[in-house]
Q: 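Pasting a structure below so you can have a look.
Order of the sequence lines fixes the chain letters, A, B, ..., with proteins taken first and strands second; residue numbering starts at 1 for each chain.
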Protein chains: 2
Amino acid sequence: MAVRRTTIAKVTVTDVAERAGVSTATVSRVLTGRRGTGAEVAQRVHDAVDALGYVPDYLAKALRDQRTATLGFVVPDITNPFFPALIQAIEASARAVSSSILLVDARNDPDEERRVAEILVSRRVDGILISPCHLTRSVALVDQLGASVSVVQIDRVVSSRVASVSADHTGPMAHLAGIAARTGRQRAAFVGSELTVSTSHARQEAFARQFGETDRVLVGDFSVDWGRAAARELVRRWPDVDFVVCASDLIAFGVIQELQMMGRRVPEDIAVTGWDDTLLAIASRPTITTVRQPIVEMARLAVELVTGIPASGSAVVPSTIVEGQSSG
Amino acid sequence: MAVRRTTIAKVTVTDVAERAGVSTATVSRVLTGRRGTGAEVAQRVHDAVDALGYVPDYLAKALRDQRTATLGFVVPDITNPFFPALIQAIEASARAVSSSILLVDARNDPDEERRVAEILVSRRVDGILISPCHLTRSVALVDQLGASVSVVQIDRVVSSRVASVSADHTGPMAHLAGIAARTGRQRAAFVGSELTVSTSHARQEAFARQFGETDRVLVGDFSVDWGRAAARELVRRWPDVDFVVCASDLIAFGVIQELQMMGRRVPEDIAVTGWDDTLLAIASRPTITTVRQPIVEMARLAVELVTGIPASGSAVVPSTIVEGQSSG
DNA sequence: CTGAAAGCGCTAACAT
DNA sequence: ATGTTAGCGCTTTCAG
């Protein structure tokens, strides 16, 4: 089963020009639509293009324009279920402006992150979108990248010196506090993940502000297993907690599951909420009340920022609460 | 917060040549390591490179070499939890051969799939990896792509005329049949997803062969919800079924959850197995016995095939069973 | 072993 | 409105 590949003799502007009986410049003008071109000549060019099956060479154009129409996206960990949806949105937004996405995965490692980001630079991408994997250890990289290419931090933000698009944490947290109040909950707790992840850090701060609670906080990592462990710890240390805000759906899923194993009813005895609106939020029983970030808009803004005129800034977009059954 | 970007004057081979007092040809020779070069001259070149901070321009090289060192990957649906892990593996394998990945998402739509695949071709990728989204409607595209660029089907295979790397379905299915026999199960059923997905189709056929059962088969889509619906249908139509093979973890998760809602014990009353070894397999309680495809090896093989000498072929690699608690 | 020069395919001055 | 030409930055014949 050999790969058959008829190496089609490449058709160039020169071939088209010859066939249409014009110069290569005219062909270029007709095709790019720049400057005025005689209608009759334009027709001849188009005919020649069709006849020859000419396709402009993206590589030559890129070298000439010094522009690759390609954006890089440094994702911290593609196996984190939040990111595939973001990747999808970014890819779509990029396509809308005729750009493609070079995807690289940092595997949650700042060293690896630097390595792959530098690959993107050497590839001459027109800009880089990055969700920095580490709150402090990624800062230098983000700042340095900003010196040689247009950079926008998306979702996770670690440097105020570089443009960013992120979702608001305060609004949804206030909303969750409202739900807790409305349903007469008395004691809230927060289960977060690594504080080295900017979003987790921000959510914890928002929790402290909106719930006025800084003690009942547990921090682990970004996994279902940690959620399970946290649930046990929670019950042991603060048996009367009746509202648990989790920094992600993975954690919330684990918390709920373990609470149920221990005979607690969710949400009757204890409410649990998640974050990110991933598959787990609806797979869980009860379904998880979670926070949906406006991924599509974030992607659109980020792509606009990164491809836009050097003038730039940062945007914080509002999230929405998706009420499941777990917050009763 | 303007994006600061000191437009570093580009350093070219010419600059290096000048500084080292040699010709651009020599610089190129020293840097590419081709041909013999005088040790002393080479040193001067390297010094100049360091002093000037020269970085070769990937674009110019690509135009000159007619080679982009970039591979395209057409993923059918990035939100399908199986694919992120595959993307990660492919990206790593590509990096190992100094290539990058342009990622495009077909969103399960053959028309979209064609559109994005053609973008990849126009981008002059050196090769395309594709998990075709449709068993029949993607065939023409795969065949046509093979005519203009090196193509390898990965995971999903729809055309025998184009190289492919896929996981074996028969072995793991036989293994599952073995588990069923060992645990004294009497009646097996299969819950699949769209038959238009090549893997789903292949798994169904393998089930029929290994379990000798063609009646107790339900087909829906690739979701937890379908799993839930299938469980209800299963119990209604064949109340004595005691072993359920599912074409994916999503389906298995839904089946287990719904069976439990209906008061059935898993695996005591009825065993359930999944496929793909995704997050859901370990998030589920009981954990799901599932099939792990050798993703890393598949990616490695596929990248080798697609970048390799035109001579090529297809590979089928063995999967392994990951026994969870759900198969009793 | 090294240099001069051509050329990958395209587009933007600069003529005409 | 159209043609001529230079050049993006690199590598690689072809000479010497």
Q: What are the two closest non-hydrogen atoms of B:T24 and B:A17, and how far apart are they?
A: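 Where B:T24 meets B:A17 most closely, the heavy atoms are N-CB, 3.7 Å.
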
Q: Distance check needed: C:dC8 P versus B:D65 CG, whole Å only.
A: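 Roughly 14 Å, once rounded to whole Å.
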
Q: Give a yes/no on whether any side-chain N or O of B:S23 is located under 4.0 angstrom from OP1 or OP2 of C:dG3.
A: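 Yes, B:S23 has a side-chain N/O under 4.0 Å of OP1/OP2 on C:dG3.
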
Q: Under a 3.5 Å cutoff, is there a donor and acceptor pairing between the side chains of B:R123 and B:T70?
A: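 No - no donor-acceptor pair under 3.5 Å links their side chains.
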
Q: How close or far is atom C1' of D:dT11 from atom CG of A:L59, stated in whole angstroms?
A: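 Roughly 14 Å, once rounded to whole Å.
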
Q: Name the residue closer to the 5' end of DNA chain C, choosing between A:S28 and B:A39 according to the nucleotide with the nearest heavy atom.
A: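 Its nucleotide being nearer the 5' end, the pick is B:A39.
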
Q: Does B:Y58 place a side-chain N or O at less than 4.0 Å from the phosphate oxygens OP1/OP2 of D:dT11?
A: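 No, because none of the side-chain N or O atoms of B:Y58 sits under 4.0 Å from OP1 or OP2 of D:dT11.
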
Q: For a quick check of understanding: with a heavy-atom distance under 4.0 Å over all strands, which category does A:T32 fall into, base, sugar-phosphate or nothing?
A: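 Since only primed, P, OP1 and OP2 atoms lie under 4.0 Å of A:T32, the category is sugar-phosphate.
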
Q: Could you tell me the separation between the CD atom of B:Q43 and the P atom of C:dT2, rounded to a whole number of Å?
A: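 So the two atoms are 13 Å apart, to the nearest Å.
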
Q: Regarding A:E113 and A:S138, is there a side-chain donor-to-acceptor distance under 3.5 Å anywhere?
A: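 Looking only at side-chain atoms, A:S138 and A:E113 do form a donor-acceptor pair, the distance falling under 3.5 Å.
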
Q: Counting only side-chain N and O atoms of A:K61, is one of them less than 4.0 Å from OP1 or OP2 of C:dT11?
A: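 It does, given that an N or O in the side chain of A:K61 lies less than 4.0 Å from OP1 or OP2 of C:dT11.
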
Q: How many whole angstroms separate atom CZ of B:R123 from atom P of C:dC10?
A: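 Rounded to the whole Å, the gap is 15 Å.
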
Q: Between A:S131 and A:D155, does any side-chain donor sit less than 3.5 Å from a side-chain acceptor?
A: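 On atom types as modelled, these side chains do not qualify, holding no pair under 3.5 Å.
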
Q: Could you please name the option among D:dT2, C:dG9, D:dG9 that lies closest to any side-chain atom of A:T26?
A: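 Given the options D:dT2, C:dG9, D:dG9, the side chain of A:T26 is closest to D:dT2.
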
Q: What's the closest nucleotide to the side chain of A:Q66 if the choices are C:dG9, D:dT2, D:dC8?
A: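 Selected nucleotide: D:dC8.
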
Q: Assign each of B:G21 and B:R124 to its nearest nucleotide of DNA chain C by heavy atoms, then name whichever residue's nucleotide is nearer the 5' end.
A: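 The 5'-side residue here is B:G21.
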
Q: For the pair made of CG in B:L31 and P in D:dG9, what is the distance, rounded to whole Å?
A: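 Going from CG in B:L31 over to P in D:dG9 covers 16 Å.
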
Q: Looking at C:dG9, C:dT11, D:dC10, which one has an atom nearest to any side-chain atom of B:T12?
A: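 Among the listed nucleotides, the one closest to the side chain of B:T12 is D:dC10.
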
Q: Less than 4.5 Å apart, side chain to side chain, heavy atoms only: is that true for A:D105 and A:E112?
A: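 Not touching, per the 4.5 Å side-chain cut-off.
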
Q: Between P on C:dC8 and CZ on A:R64, what's the gap in Å once rounded to a whole number?
A: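 Nearest whole value for this atom pair: 16 Å.
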
Q: Taking CG from B:L63 and P from C:dT11, how many angstroms apart are they, rounded to a whole number?
A: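 My rounded result for the distance is 12 Å.
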
Q: Considering only side-chain heavy atoms of B:A25, which listed nucleotide, C:dT2, C:dA4, C:dC10, is closest?
A: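 It is C:dA4.
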
Q: Provide, to the nearest angstrom, the distance between the CZ atom belonging to B:R29 and the P atom belonging to D:dT13.
A: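 Going from CZ in B:R29 over to P in D:dT13 covers 10 Å.
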
